[in-house]
Undergrad: 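Quick one: structure below, then a few questions.
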Amino acid sequence: MPEKQVMILAIDSSDHSFYALEWTLDHIFTPASASGCLFKLLVIHARQPPTSVIGLAGPGSTEIMPLVEADLKRSAEKVLDKARELCKKKSLTDAAFETIEGDARNVLCDAVEKHKASLLVLGSHGYTAFKRAVLGSVSDHCSHHAHCSVMIVKRPKATSGK
């Protein structure tokens with residue numbers, strides 16, 4: 001049997017990314033296709049560095065840095081634990097999970113290269129053009145810079161308000 005291709009799924013704490021994970025599990029990693037599935041799933045959470053949370057270093061930053069670091073690690077573990085539980089609930093037991101510190105746009109594009117992924121899956125936050133311009137769009141950046149196919153999973157309009 002040929003080696004499975006790598007599919008990277010980006011996850012954060014948002015309902016949008018968990019919807020993308022659930023959609024992917026329901027449509028690609030179904031129990032009926034588990035043995036014949038073409039992909040190995042790698043779930044990646046990009047964790048912000050502590051300096052991006054507290055801003056510029058200043059007086060007192062050395063005392064607060066370990067606290068922020070610990071909080072970010074706990075939050076990342078909660079996100080991955082929730083993703084693991086969803087995979088387990090959907091009968092996918094061989095997924096891999098990884099937290100990487102850095103800007104999500106760079107983390108995901110670098111992970112595609114490192115793991116030679118053939119597909120990157122992201123959830124859509126449904127930002128307006130203005131919000132995308134101000135905040136930047138991870139999916140927009142990845143669709144232009146990742147060296148693989150990119151699938152953006154959008155919630156149907158009827159469920160987007162949840």
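Predicted model, so just to flag it, every value in this text is computed and none were measured.
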Undergrad: Any side-chain heavy-atom pair from Lys78 and His45 closer than 4.5 angstrom?
TA: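 No; the side chains remain at least 4.5 Å from each other.
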
Undergrad: Kindly confirm or rule out a cation-pi arrangement of Lys82 over Phe18, judged by NZ or CZ under 6.0 Å from the six-membered ring centre and within 45° of its axis?
TA: yes

Undergrad: To the nearest 0.5 Å, what is the distance between SG on Cys142 and CG on Leu108?
TA: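 Cys142 atom SG to Leu108 atom CG measures 4.5 Å (nearest 0.5 Å).
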
Undergrad: Do Leu38 and Ile28 sit in the same hydrophobic cluster, where Ile, Leu, Val, Met, Phe, Trp and Tyr count as joined when their side-chain heavy atoms come under 4.5 Å apart?
TA: yes

Undergrad: What's the spacing between Lys116 NZ and Cys148 SG if we round to 0.5 Å?
TA: 13.0 Å

Undergrad: Closer than 4.0 angstrom, basic N to acidic O: yes or no for Arg84 and Asp81?
TA: yes

Undergrad: So if I apply the side-chain contact (heavy atoms from CB on, under 4.5 Å) rule between Leu21 and each of Leu92, Ile11, Asp26, which one comes out positive?
TA: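 Considering Leu92, Ile11, Asp26, a side-chain contact (heavy atoms from CB on, under 4.5 Å) with Leu21 is found only for Ile11.
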
Undergrad: Any heavy-atom pair between the side chains of Glu77 and Phe97 that's under 4.5 Å?
TA: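 A side-chain contact under 4.5 Å is absent here.
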
Undergrad: Does the side chain of Glu113 come under 3.5 Å of the side chain of His147 through a donor N or O and an acceptor N or O?
TA: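 Per modelled atom types, Glu113 and His147 side chains form a pair under 3.5 Å.
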
Undergrad: About how many Å separate CD of Gln5 and CZ of Phe39, when rounded to the nearest 0.5 Å?
TA: 5.0 Å

Undergrad: Only one of Thr99, Ile100, Val107, Asp12 passes side-chain contact (heavy atoms from CB on, under 4.5 Å) with Arg47; say which it is.
TA: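 Looking at Thr99, Ile100, Val107, Asp12, the match for Arg47 under the side-chain contact (heavy atoms from CB on, under 4.5 Å) is Thr99.
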
Undergrad: What's the verdict on side-chain contact (heavy atoms from CB on, under 4.5 Å) for Ile8 and Val121, showing C-alpha distance, side-chain angles and the deciding distance?
TA: CA-CA 6 Å; Ile8 294 177; Val121 179; over 6 Å; no

Undergrad: Looking at every heavy atom in both His144 and Asp140, which two are closest together, and how far apart are they?
TA: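 Smallest heavy-atom distance, with atoms named: ND1-O, 2.8 Å.
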
Undergrad: Looking at Lys154, I'd like to know if its NZ atom is crowded, meaning that more than 12 non-hydrogen atoms belonging to other residues, nucleotides or ligands lie closer than 6.0 Å.
TA: no

Undergrad: To the nearest 0.5 angstrom, please state how far the SG atom of Cys87 sits from the CG atom of Leu41.
TA: 5.5 Å

Undergrad: Show the numbers, then the answer: is there a side-chain contact (heavy atoms from CB on, under 4.5 Å) between Leu25 and Leu86?
TA: CA-CA 9 Å; Leu25 295 172; Leu86 186 54; 4.0 Å; yes

Undergrad: Mind checking the CD-CD spacing from Glu101 to Gln48? Nearest 0.5 Å is all I need.
TA: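 Output value for this atom pair is 9.5 Å.
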
Undergrad: Which heavy atom of Val150 sits nearest a heavy atom of Ser143, and at what distance?
TA: CG2-CA, 3.9 Å

Undergrad: State, yes or no, whether a side-chain contact exists between Arg105 and His145 at a heavy-atom distance under 4.5 Å.
TA: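 Contact flag for Arg105/His145 side chains = no.
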
Undergrad: Passes side-chain contact (heavy atoms from CB on, under 4.5 Å), Leu122 versus Met151? Steps please.
TA: CA-CA 6 Å; Leu122 305 127; Met151 180 170 71; over 6 Å; no

Undergrad: So do His115 and Leu42 actually touch side chain to side chain, heavy atoms under 4.5 Å?
TA: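 SC-SC contact between Leu42 and His115 confirmed.
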
Undergrad: Grab the two heavy atoms, one from Cys109 and one from Ala146, that are nearest each other, plus how far apart they are.
TA: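 For Cys109 versus Ala146, the nearest heavy atoms are SG-N, 3.7 Å.
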
Undergrad: Between the main-chain N or O of Ser137 and the side-chain N or O of His141, is there a donor-acceptor pair closer than 3.5 Å?
TA: no

Undergrad: Just by distance, do the side chain of Ser17 and the backbone of Ser14 share a donor-acceptor pair under 3.5 Å?
TA: yes

Undergrad: Rounded to the nearest 0.5 Å, what separates atom OH in Tyr19 from atom OG1 in Thr24?
TA: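 If I round to the nearest 0.5 Å, the distance is 9.5 Å.
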
Undergrad: What I want to find out is whether Glu69 reaches Arg74 closely enough, with some N-O distance under 4.0 Å, to be called a salt bridge.
TA: no

